[in-house]
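The block underneath contains the structure these notes are about, expressed in structure tokens.
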Amino acid sequence: MRIIKKIAPLRKALEGPRRKGKAIGFVPTMGALHEGHLSLVRRARRENDVCVVSIFVNPIQFDPREDLKRYPRDLKKDSRLLAGLCDVLFVPDTFQMYPPGFSVFVEVKGLSDVLCGASRKGHFAGVTTVMAKLLNIVAPDRIYFGQKDVQQAAIIQKMISDLNFPVEVSVLPIVREKDGLAMSSRNIHLSPEERREAVVLFQALKSAERMVGAGVRDAARIKSALSDFISRPASARVEYIEIVDRANLVPLKTIEKDVLLLLAVRIGKTRLIDNTVLKVK
Ligand code: AMP
């Protein structure tokens with residue numbers, strides 16, 4: 001695995017394989033890697049000739065700045081995990097990505113203002129801007145995202161489609177801990193007690209699946225039951241519980257087809273998200 005820090009050598013490294021018609025698979029990440037990330041890397045490796053992973057903690061998608069400072073970073077461990085799995089690890093610094101005078105932002109309207117976008121103003125514009133840059137730098141044939149950040153995946157897919165980026169997108173299932181907690185780089189911030197209580201998100205998703213399985217179709221009833229359930233552990237504060245159309249993330253009152261249930265919950269100071277598809281038989 002080659003570790004490359006600058007844009008020009010990264011482009012050069014991919015020039016040869018591209019000219020020979022090799023397929024390039026790309027997994028963008030912010031590092032502090034876990035099995036969720038590695039599931040994407042393994043898929044990218046399996047489906048392409050060259051596998052590229054990027055690690056870049058993108059400052060323009062963080063607000064407040066505290067969260068950026070607190071974001072876990074461990075490049076040594078990440079490189080160890082990726083060795084043998086990917087061919088090129090791209091780790092640009094902030095100066096490479098945003099040199100002085102940088103002034104262009106890419107924004108997907110509508111989808112970026114709801115759910116996580118409602119409480120994290122400007123967050124998704126930061127995500128789509130860095131993603132547009134990474135797509136131009138790496139120019140992959142295929143790019144891989146996790147269902148864990150389903151709104152982010154939907155927004156990036158809209159950007160890719162509206163701006164005609166020639167890349168195929170795959171969104172892969174959420175990888176979970178044994179007790180069901182979705183793997184996340186932020187989980188390491190949880191105290192032992194918060195870690196135990198954090199399983200409430202997964203349990204809430206499961207109880208919603210059971211309600212829909214038992215014939216409940218009223219979204220408000222499900223959301224209210226989940227709100228009560230999630231509020232039980234002392235450390236948990238609901239930010240949102242939404243049931244939305246899978247295609248456009250518009251909130252629904254009645255469940256008539258397969259829909260998406262999304263949660264954002266603070267466990268102590270740590271903000272966690274999770275989601276599931278509620279299936280109507
Ligand atoms: P991040 O490093 O948090 O920006 O995540 C990089 C990619 O990994 C994104 O596409 C995430 O959706 C994906 N990802 C993060 N956590 C998981 C997980 N538990 N299961 C599957 N994919 C994940």
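Given the structure is predicted, the values throughout are model-derived calculations rather than measurements. One-based numbering, in listed order, for ligands and for the atoms of each. In this chain, numbering begins with 1 at the start of the sequence shown.
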What protein heavy atom sits nearest atom 20 (N) of ligand 1, and how far off is it?
V175 N, 2.9 Å
Would A182 count as a polar contact of ligand 1, with the cut-off being nitrogen or oxygen pairs under 3.5 Å?
no
Please determine if D149 has a nitrogen or oxygen closer than 3.5 Å to a nitrogen or oxygen of ligand 1.
yes
Considering only heavy atoms, does P28 approach ligand 1 within less than 4.0 Å through its side chain, its backbone, both, or neither?
backbone
Counting only N and O atoms by type, is there a donor-acceptor contact under 3.5 Å from the side chain of R73 to the main-chain atoms of Y71?
yes
Hey, which atoms in ligand 1 end up nearer than 4.0 Å to a heavy atom of [X]?
X    : result
F145 : 10 (O)
L40  : 7 (C), 8 (O), 10 (O), 13 (C)
P173 : 20 (N), 21 (C)
M183 : 16 (N), 17 (C), 18 (C), 19 (N)

Would you mind finding which of [options] brings a heavy atom closest to [atom]?
atom                    : options               : result
atom 16 (N) of ligand 1 : R186, H34, H37        : H34
atom 17 (C) of ligand 1 : R176, E177, K148, M30 : K148
atom 22 (N) of ligand 1 : S185, G146, A153      : G146

Ion pair present between [X] and [Y], side-chain N to carboxylate O less than 4.0 angstrom?
X    : Y    : value
R19  : E15  : yes
D245 : K257 : yes
K279 : E209 : no

Between F102 and Y98, what is the ring plane arrangement, given parallel below 30°, perpendicular above 60°, and tilted in between?
perpendicular
Which residue is it: D74, V91, I3? I am looking for the one with a side chain to side chain contact (heavy atoms under 4.5 Å, CB included) to S79.
I3
Has R2 got more than 12 heavy atoms of other residues, nucleotides or ligands less than 6.0 Å from its CZ?
no
Check: E194/T270 side-chain N/O donor and acceptor closer than 3.5 Å
no
